[in-house]
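Data block below; observations after.
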There are 2 protein chains.
Amino acid sequence: MQNKLAEISTVIGDKTRINMLCLLMDGRAYTATELSIAVDIAPSTASVHLNKLVEQKLIECLKQGKYRYFRLASPAVAQLLESLMNLTSSLQSIPSTTPDELKYCRTCYDHMAGKIAVDLLSFMKQEAWITGENEYSLTPIGSESLTQMGLNIKEIVTTKSKKRFAYACLDWSERKEHLSGLLGSQLLKFILDKKWCTRHPHSRELIVTPSGKKSLSRYFNITI
Amino acid sequence: MQNKLAEISTVIGDKTRINMLCLLMDGRAYTATELSIAVDIAPSTASVHLNKLVEQKLIECLKQGKYRYFRLASPAVAQLLESLMNLTSSLQSIPSTTPDELKYCRTCYDHMAGKIAVDLLSFMKQEAWITGENEYSLTPIGSESLTQMGLNIKEIVTTKSKKRFAYACLDWSERKEHLSGLLGSQLLKFILDKKWCTRHPHSRELIVTPSGKKSLSRYFNITI
DNA sequence: ACCATATTTCGTTCAGGAACGAAGTATGAA
DNA sequence: TTCATACTTCGTTCCTGAACGAAATATGGT
């Protein structure tokens, strides 16, 4: 019991690992190499540290191709780090992402990405429109809400497609999850149809229209 | 800035020191020797550990004659330890497993604890019956009020005792300060004598009697 | 298929620091 | 005063674990 506690605290109690955890405090996921560069150690050393942190469930690892993204495992970990920072009274403000347009709203393959998409997913989770960890299912609440919004959910749900229905995709700029899968792509299609956003002619940027601002705010409580 | 954080976390990240901190989680002050025995190391080693903890302001030291009493430095430290315990999901995490009654009103060694005791201390502070940060002194107002209530303050003040007169004890469940020391123990004695509370036969719980309710409300503005 | 990049595993080196006991200091008691 | 107890300081030993680079593995791109 206290043994477990001692284990955890020794894992936390390392200069390098604490620095890593601090970097992860912004809620984003970083690759092993990025972290190793940021804290100035060899990748091999970083790998060892990251494994220890994963072992103690302080962070978790998301494989994506040859990359491994690491992020804090739970809000409880963030809270722990925060109380640590409270002690030093050096609660550095979490670096706010300076949203250059592309970071803000764009496409990622066939679905939306950027801050808006991250906010959108977090709204849908919070309002219990969807459930699940990495693979999502639509709840009756979500189904109804989206239908009322104008999406033909019935059609989407009955679509025969090899595509996964809905899952979490890591955003490359925010490094936070956003909605991917059939639901994500249909949602983008819908938003473009409704002209809440329009495509930028030469990039993957999406431009939110005035009516889009209103609707996004109304349906998803997203302010721009 | 992160340097400071790393320092603190390395100090926390030691099996022996964490064990000591856990012992101190009950809010009580222990001597160096007691702690060294409890965690099974030589007194000299304990001394080094305790100094490190003091240096980082995780605990504080109160000299009293040849004894040194150590206790947690602040509620913030208790909170840190609690969030650490949260991670282990060990249900030794206090709040959920503790019956409400025990949280509400009980003894902590020789004085009262629980929500009532916390309220009581905060009332005494607010009404300027006592002054001080962690070590309290009785003010003339406090002295008079308590005397009027029926406590023999003169006798208590002139008692020769190694015990500290009055100090803040960290509450185990509330994580807030309550009154400990000679004054605290005498107050409990008084309250039991007056039958404002009675002891539960097999636990540290205190049961507030009907007349206790009236008196606590009248003298300390505490509603139950 | 080939190479480039991301990450892990392994073996080695090395510094830091945890632990002890002995000797020194401080305080209380007889 | 003298002794006992509480605690600290110092010097030494010893072990853990942080770090590295080289080689292995995994994946993507061309």
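Residue numbering restarts at 1 for every chain, and letters A, B, ... go by the order of the sequence lines.
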Ordered by number, residues from residues 41-51 of chain A within less than 4.0 Å of DNA chain D (heavy atoms) are Ile41(A), Ala42(A), Ser44(A), Thr45(A), His49(A)
Taking dT8(D), dA18(C), dT8(C) as options, the one with an atom nearest any side-chain atom of Ala32(B) is dT8(D)
Closest to the side chain of Lys66(A), out of dT5(D), dG28(D), dC7(D), is dG28(D)
Looking at dA26(D), I'd like to know if its phosphate oxygens (OP1 or OP2) sit under 4.0 Å from a side-chain N or O belonging to Arg68(A). no
In whole angstroms, the gap separating P of dT27(D) from CD of Gln64(A) amounts to 13 Å
Chi angles and distances behind the side-chain contact (heavy atoms from CB on, under 4.5 Å) call for Ile156(B), Leu182(B): CA-CA 8 Å; Ile156(B) 293 171; Leu182(B) 182 60; 4.0 Å; yes
Per the 3.5 Å Watson-Crick/G-U criterion and a run length of at least three, the stems involving DNA chain D are C:1-30 with D:1-30
Closest to the side chain of Tyr67(B), out of dT7(C), dA18(C), dA6(D), is dA6(D)
Query raised in the report: Near Asp40(A) CG, under 6.0 Å, is it more than 12 heavy atoms from other residues, nucleotides or ligands?
Result: no
Would you list the atom pairs, donor with acceptor, under 3.5 Å between side chains in residues 44-55 of chain B and any protein atom, with sequence neighbours excluded?
residue	atom	partner	partner atom	Å
His49(B)	ND1	Arg17(B)	NH1	3.0
Asn51(B)	ND2	Ser47(B)	O	3.4

Ser36(A) side chain vs Thr33(A) backbone, donor-acceptor pair below 3.5 Å
yes
#### Entry: Any Lys63(B) side-chain N or O less than 4.0 Å from OP1/OP2 of dA6(D)
no
